[in-house]
**Q** 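Quick one: structure below, then a few questions.
Worth knowing before you read on, the calculation uses all heavy atoms, side chains too, and leaves out hydrogens, waters and symmetry mates. Every number for a ligand or one of its atoms is a count from 1 in the order of the listing.
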Amino acid sequence: MSPATGFTGMWRDLLPLGRDTRSGGYRRFAWTPADTETRDWFRQQAADRELTYEEDRNGNQWAWLGDPRGEGAVVTGSHLDSVPDGGAFDGPLGVVSAFAALDELRERGARPARPLAVTNFADEEGARFGLACVGSRLSAGALTKEAAYALRDAEGISLPRAMEAAGHDPETIGADPERLARISAYVELHVEQGRALDLTGDPVGIASAIWPHGRWRFDFRGEGNHAGTTRLADRHDPMLPYAETVLAARREAALAQAVATFGKIAVVPGGVNAIPSLVRGWLDSRAADQTTLDSVVTAIEGAAREAAAREGVDLDVVRESFTPVVEFGHALRTELGKVLGRQSEGRAVPVLPTGAGHDAGILSAAVPTAMLFVRNPTGVSHAPAEHADEADCLAGVTALADVLEELACR
Ligand code: HGY
Ligand code: MN
Ligand code: MN
């Protein structure tokens with residue numbers, strides 16, 4: 001099987017799993033049946049290639065070429081879960097490309113001198129439990145078992161119960177330093193979530209850094225009442241300060257060249273003819289540096305508190321997820337630049353930052369990590385329209401195979 005047919009075949013088989021027929025987007029939330037379908041797909045890919053399959057203590061999946069306990073392993077992969085109505089490429093492109101790159105190494109007759117593995121990190125998007133990169137955070141020791149056990153989804157189901165229902169023993173979750181210590185490099189290929197490569201005209205680029213970013217829950221508590229009979233002067237309507245806070249987020253982000261988004265809201269009771277008692281909004285904010293991010297979020301929270309006080313509404317703000325800035329190590333990044341430079345006929349390989357979080361960012365605290373980006377012609381991501389041309393995807397596979405050959409076969 002040639003790498004290209006391997007890629008196309010894998011892509012075709014994975015595409016329908018967890019896809020919502022109405023929106024065309026994906027609903028592959030951690031530890032749901034849709035997630036299980038993609039995890040079963042992963043296991044099948046490992047079996048088809050006679051790779052040694054493992055599920056680690058945190059539910060991350062590994063497919064090994066060589067000894068899983070060997071030292072100096074080179075690992076590549078990404079995630080298969082999605083955001084609500086996410087696109088087909090965010091995550092899966094990295095996993096499919098990793099298997100296809102292994103196929104390409106075998107086609108080349110390359111002989112790895114160290115173990116190679118493909119991974120699927122569990123619950124990267126945090127779409128169900130609110131915290132990003134749960135599988136890699138647990139393994140890197142960035143999330144305690146207690147904090148993981150406290151995570152709940154919108155129905156109140158805890159992470160451990162959800163893992164159990166999907167057939168994974170939650171008792172084992174926790175840091176996995178021995179496993180990470182055996183890894184000499186983790187390289188994640190990911191569709192670019194922006195248009196930088198489209199603008200430079202390159203199919204593949206290298207990540208320089210990940211912006212610091214986080215998620216904050218804003219709970220506006222007012223007084224539920226009748227929408228038709230309550231005088232305006234007598235209202236304590238939490239929707240008003242919420243609305244002012246959304247506008248303040250855009251204003252503060254624009255002033256600071258940062259980004260801030262209220263993309264998720266829950267309203268109690270949610271009746272058309274009832275003034276809400278609670279409006280719960282989630283802020284996602286990101287900036288090129290920590291100081292800017294802190295000042296943007298502080299300004300947004302200040303505006304929210306002022307608006308809540310004017311309406312006689314209470315406000316609680318809780319930080320639910322946070323990832324500090326990640327600067328990818330220069331040594332591995334430079335090595336990737338050299339490898340990719342051989343194919344680019346002397347054109348400098350673009351090196352670009354991203355505002356999107358990744359498992360590679362979490363793992364960089366414990367393992368030398370690097371990322372490859374594949375051109376996204378529209379830049380759209382976290383939406384059904386997310387796309388990358390097949391030619392660019394195959395260029396990404398070849399680039400990843402070149403990198404793996406350099407790192408594992410020399
Ligand atoms: O939200 C992010 O940046 C990533 O897609 N988890
Ligand atoms: Mn994503
Ligand atoms: Mn992703």
**Q** Rounded to 10 degrees, what angle sits at the Mn ion (ligand 3) between His79 NE2 and His190 NE2?
**A** 120°

**Q** Below 3.5 Å only, please: the N or O atoms of ligand 1 paired with protein N or O atoms, distance on each line.
**A**
| from | atom 1 | to | atom 2 | distance (Å) |
| --- | --- | --- | --- | --- |
| ligand 1 | 1 (O) | Arg286 | NH2 | 2.9 |
| ligand 1 | 3 (O) | Arg286 | NH1 | 2.6 |
| ligand 1 | 3 (O) | Arg286 | NH2 | 3.3 |
| ligand 1 | 3 (O) | Gly357 | N | 2.7 |
| ligand 1 | 5 (O) | Glu125 | OE1 | 3.1 |
| ligand 1 | 5 (O) | His382 | NE2 | 3.0 |
| ligand 1 | 6 (N) | Glu124 | OE1 | 3.4 |
| ligand 1 | 6 (N) | Glu124 | OE2 | 3.1 |
| ligand 1 | 6 (N) | Glu125 | OE1 | 3.0 |

**Q** Applying side-chain contact (heavy atoms from CB on, under 4.5 Å), can you list everything that pairs with Arg22, at least two apart in sequence or on another chain?
**A** Asp20, Arg27

**Q** Could you point out which residue of Glu335, Glu405, Glu406 forms a salt bridge (Lys or Arg N to Asp or Glu O under 4.0 Å) with Arg342?
**A** Glu406

**Q** Can you list the residues that meet the ring-ring contact (aromatic ring centres under 6.0 Å, His included) rule with Phe262, with sequence neighbours excluded?
**A** Phe218, Tyr242

**Q** With Glu320 as reference, evaluate Arg217, Arg280, Arg215 under the salt bridge (Lys or Arg N to Asp or Glu O under 4.0 Å) test and give the passing residue.
**A** Arg217

**Q** Checking one value in my table: which N/O/S atom of His382 lies closest to the Mn ion (ligand 2)?
**A** NE2

**Q** Look at the aromatic rings of Phe99 and Trp41 and report parallel, tilted or perpendicular, splitting at 30° and 60°.
**A** perpendicular

**Q** Using only atom types and a distance under 3.5 Å, with no angle test, would you say the side chain of His387 pairs donor to acceptor with the backbone of Ala385?
**A** no

**Q** For N/O/S atoms only: which one belongs to Glu125 and is nearest the Mn ion (ligand 2)?
**A** OE2

**Q** Mind checking whether His190 and His79 have parallel, tilted or perpendicular rings, split at 30° and 60°?
**A** tilted

**Q** Residues two or more places apart in sequence or in another chain: which of them pass ring-ring contact (aromatic ring centres under 6.0 Å, His included) with His236?
**A** none

**Q** If you check every N/O/S atom of Asp90, which is the one nearest the Mn ion (ligand 3)?
**A** OD1

